[in-house]
Amino acid sequence: MNAREHRGLPYSFSFRRAAVACLEDPQLRLAVRKATDLLGVKRAQGLEPIPWEIWREKASEIRGYTVDHIAELVNTFSVNATSAGAIVYHAENAEDACSAVYHILKDREASRIVKAKSMITEEIGLNHYLEDRGIQVVETDLGEFIIQLAGERPSHILGPAIHKTRAQVGRLFEENFRVPFSDDPELLTRIARNKLREVFLAAHAGITGANFAIADTGSLMLFTNEGNGRMVTTVPPLHVAVLSIEKILPSISHAPLLANLLPRSATGQPLSSYLSLITGTRKRGEETGAKELHIVLLDNGRLQVAAGDFSSILKCIRCSACLNVCPVYATVGGHAYGSVYSGPMGIILTILLNGMERFHSVLDACTLCGACSEACPVKVPLKHMISVLRKLRRAKGLTPLTDTLSMTGIGLAVGNSTRYCVGRKALPYLWPALTSILKQERLDRLPTPRKERMLVQAR
Amino acid sequence: MESNELLAQFCDNARKVDASVTVVDSMDQAAKAIEDKLAESDKIYAPRLTAIEKELNLPESLLTTDYYQATVTVEEAAAGIAETGSIVCWSKEGRSLPASLLPGRHLVMLSRASIVKDLDAFFGKLGSDLPTNITFITGPSRTADIELTLTTGVHGPEFVDIIIV
């Protein structure tokens, strides 16, 4: 039942170790704190004029319906997207999805690929898969573009490159594009605009995710602020969209409510700069739309999650509100979670999709304060689920022995008033021994318990 | 809601997201409002698909049919959403959506009658025959990806000017 068992596994993620690495990077900490504070304020402003509780209740019902009828909705969506002109693929796992995309591109000799930011393609490692097979993919969201140049990983869903300073971005551009160094964000943005404009116009194909898919019309919904999503879906002749099956909304009549909640929860905007509703391929008489649209619907473990006790995590719409209100996330940032998904929803999703055995330690990234559950626009009971997962972790014997012992100790001490009084009196005398036995747990960071008589005097 | 109230709400919310809004009474005034936004060096792409677009008098010497080369696109929007300050462009009538994305300035004509209250009202009137692309445009293209500094005009237009007739 002890910690030795999971150490024997080929890879077991350690949140504590990853968090230490992030905590030792003052620049990352400052950037993440600034971003979460700012987005928190913006979100609060965005929610002010709306009947928040009523809307999120409705949104929760809609998303809950999707989770309960997921297989049926996949069929409805597939039928309607096909009749609108799209070609729909069903991929069971990451390998299937990557291979489907690769063959679509290879069969059409598409080698210049532009891509809009998408969590799902990060989840399946699509860029690496394609690059290993000789297909170059250019990320076109400014933050993703910077991260790709630097060879790093996104630190926040919304601002993947917030941990880079303007000077670092300036040097990256100087080295890669032979432009004079500048640390002016406006000028740097213009350089990126010009560079990427060439890339867009020469692209053979565009790859995107989708924020939502709509079952009864077969449409895709994409929210962006920069306009790269619009470029990727309307400039190249071939559009490949990869999305996980829980992104489906039952009906187009649900689109307005979710469109009202997603940007407000993310950045406080009433609507992102651009929202595109794409239905099939270019029709006769039209001047807009890809000539070929391929939609890869990915399961990658969702159907199993949908059938289990934690199905409501699939209601998540990836707005990142729970990240921005989380005190742990604001301190350590996205890199500390060892997975594409970070923050409260990331803890749950990572464990459900990648396995408790390897990723249970990410459960430590929570204080059970419950701010996430309050912020969620679709009422995913995040705090409750994390606490249930912790119980499950303990039942599986994965909780570190010291945690189990100290929690059992505290439980015993506070469960009964006599034990509490005795324990309270004894603790100051036991403290030196405890701190030396539990050296690794750094008990010395806690205030040293004072002897009771002094406590009374102090009052 | 009264049409005056809708108009006021639309103007308010569009300005909040950094679009410029001008309300005019006639097509002559509209042409003048457009001219105020143009520079000598501009190249204008202007589809003539709707009645308003056909009626517009634009300086012939600045017109181009190639929106890849254009610096400004002048066109009519399909609708305006008062609650969010958005305009709606779609691929109906052979309209090109990249044309409202590639140039640095998007000059949008919006008929007062096509302003609706909110997204619900727009989707409610949409019907089942969807065009390939419906895009809601809420202010200029923007990013805060470098040190959270808000910058406009990333991949899309830096300026969105709405002229309501």
Side-chain angles (χ1 to χ4, degrees), chain A residues 31 34-35 38 84-85 140-143 145-146 159-162 164-166 169 185-186 188-190 192-193 196-197 200-201 217 219 225-228 230-231 233-235 252-253 255-257 259-260 267 269-283 285-289, chain B residues 13 16-19 47 49 67-68 81 83-86 88-102 104 118-124 126 128-158 160:
Chain A
K34 242 173 87 179
L38 180 78
T140 60
D141 170 85
L142 180 58
F145 180 65
I146 292 167
I162 48 166
K164 311 291 283 178
T165 63
R166 56 183 79 195
V169 176
E186 251 180 65
L188 292 170
T189 302
R190 211 164 309 137
R193 175 186 172 104
L196 284 168
R197 186 57 70 93
F200 280 127
L201 297 183
T217 60
S219 315
N225 275 317
E226 297 182 1
N228 60 318
R230 290 183 64 193
M231 288 278 185
T233 55
T234 59
V235 175
I252 192 158
S253 62
L257 179 68
N260 277 323
T267 57
Q269 291 169 282
L271 204 54
S272 52
S273 292
Y274 304 116
L275 159 58
S276 290
L277 184 73
I278 295 170
T279 312
T281 44
R282 186 178 295 208
K283 292 161 190 71
E286 285 187 333
E287 282 285 312
T288 305
Chain B
N13 288 327
K16 269 188 207 155
V17 294
D18 303 317
L49 302 168
Y67 50 79
Y68 284 90
I81 315 283
E83 191 179 73
T84 56
S86 317
V88 186
C89 293
W90 59 24
S91 56
K92 277 188 187 174
E93 308 126 9
R95 185 170 305 280
S96 160
L97 265 297
S100 53
L101 180 67
L102 295 162
D118 51 20
L119 288 173
D120 270 307
F122 177 81
F123 275 87
L126 198 53
S128 58
D129 188 20
L130 296 180
T132 301
N133 192 311
I134 304 176
T135 295
F136 300 79
I137 299 174
T138 311
S141 153
R142 64 182 68 218
T143 188
D145 274 349
I146 302 176
E147 285 195 9
L148 298 166
T149 311
L150 185 69
T151 314
T152 52
V154 198
H155 298 301
E158 192 178 345
V160 174

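Predicted, not measured: the structure shown is a model, and the values here were computed from it. Chain identifiers are assigned alphabetically (A, B, ...) following the order of the sequence lines, protein sequences preceding nucleic acid strands; residue numbering begins at 1 within each chain.
- Closest non-hydrogen pair, B/P140 versus A/S273, comes out as O-OG, 3.0 Å.
- At a 4.5 Å heavy-atom cutoff, the contact between A/A255 and chain B is made by side-chain atoms alone.
- With a 4.5 Å cut-off on non-hydrogen atoms, A/F145 does not touch chain B at all.
- In this structure, A/E286 CD and B/W90 CH2 are separated by 11.5 Å, a value rounded to the nearest 0.5 Å.
- Put simply, OH on A/Y274 and CD1 on B/I137 are 6.0 Å apart, with the number rounded to the nearest 0.5 Å.
- For chain A, no part of B/F122 is nearby; none of its heavy atoms comes within less than 4.5 Å.
- Of all the heavy atoms in A/K164 and B/E147, the pair that sits closest is O-CG, 3.9 Å.
- Atoms OG1 and CD1, on A/T288 and B/I134 in that order, are 12.0 Å from each other to the nearest 0.5 Å.
- The contact between B/T149 and chain A is made entirely by side chain atoms (from C-beta outward), counting heavy-atom distances below 4.5 Å.
- Within the 4.5 angstrom heavy-atom criterion, only side-chain atoms of A/L196, from C-beta onward, approach chain B.
- Proximity of B/L101 to A/F200: side-chain heavy atoms (C-beta onward) are nowhere separated by under 4.5 Å.
- Contacts of A/S272 with chain B are made by backbone atoms alone, with heavy-atom separations under 4.5 Å and no side-chain atom involved.
- Between the side chains of A/R230 and B/S100, at least one donor N or O sits under 3.5 Å from an acceptor N or O.
- Within the 4.5 angstrom heavy-atom criterion, only side-chain atoms of A/L201, from C-beta onward, approach chain B.
- We find the CG-OG1 distance between A/L142 and B/T143 to be 5.0 Å, quoted to the nearest 0.5 Å.
- With a 4.5 Å cut-off on non-hydrogen atoms, A/K283 touches chain B through its backbone and its side chain both.
- In this structure, the portions of B/L102 lying under 4.5 Å from any heavy atom of chain A include both its backbone and its side chain.
- If you tally non-hydrogen atom pairs under 4.5 Å between each of B/T132, B/D120, B/L119, B/D145 and chain A, the highest count goes to B/T132.
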Notebook entry, point to check: Could you walk me through whether A/R193 and B/E158 pass the side-chain contact (heavy atoms from CB on, under 4.5 Å) check?
Noted result: CA-CA 11 Å; A/R193 175 186 172 104; B/E158 192 178 345; 5.8 Å; no
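- Side-chain atoms of A/L271 and B/E83, non-hydrogen and from C-beta on, never get closer than 4.5 Å to each other.
- Counting only heavy atoms from C-beta outward, the side chains of A/E186 and B/T152 never approach each other to under 4.5 Å.
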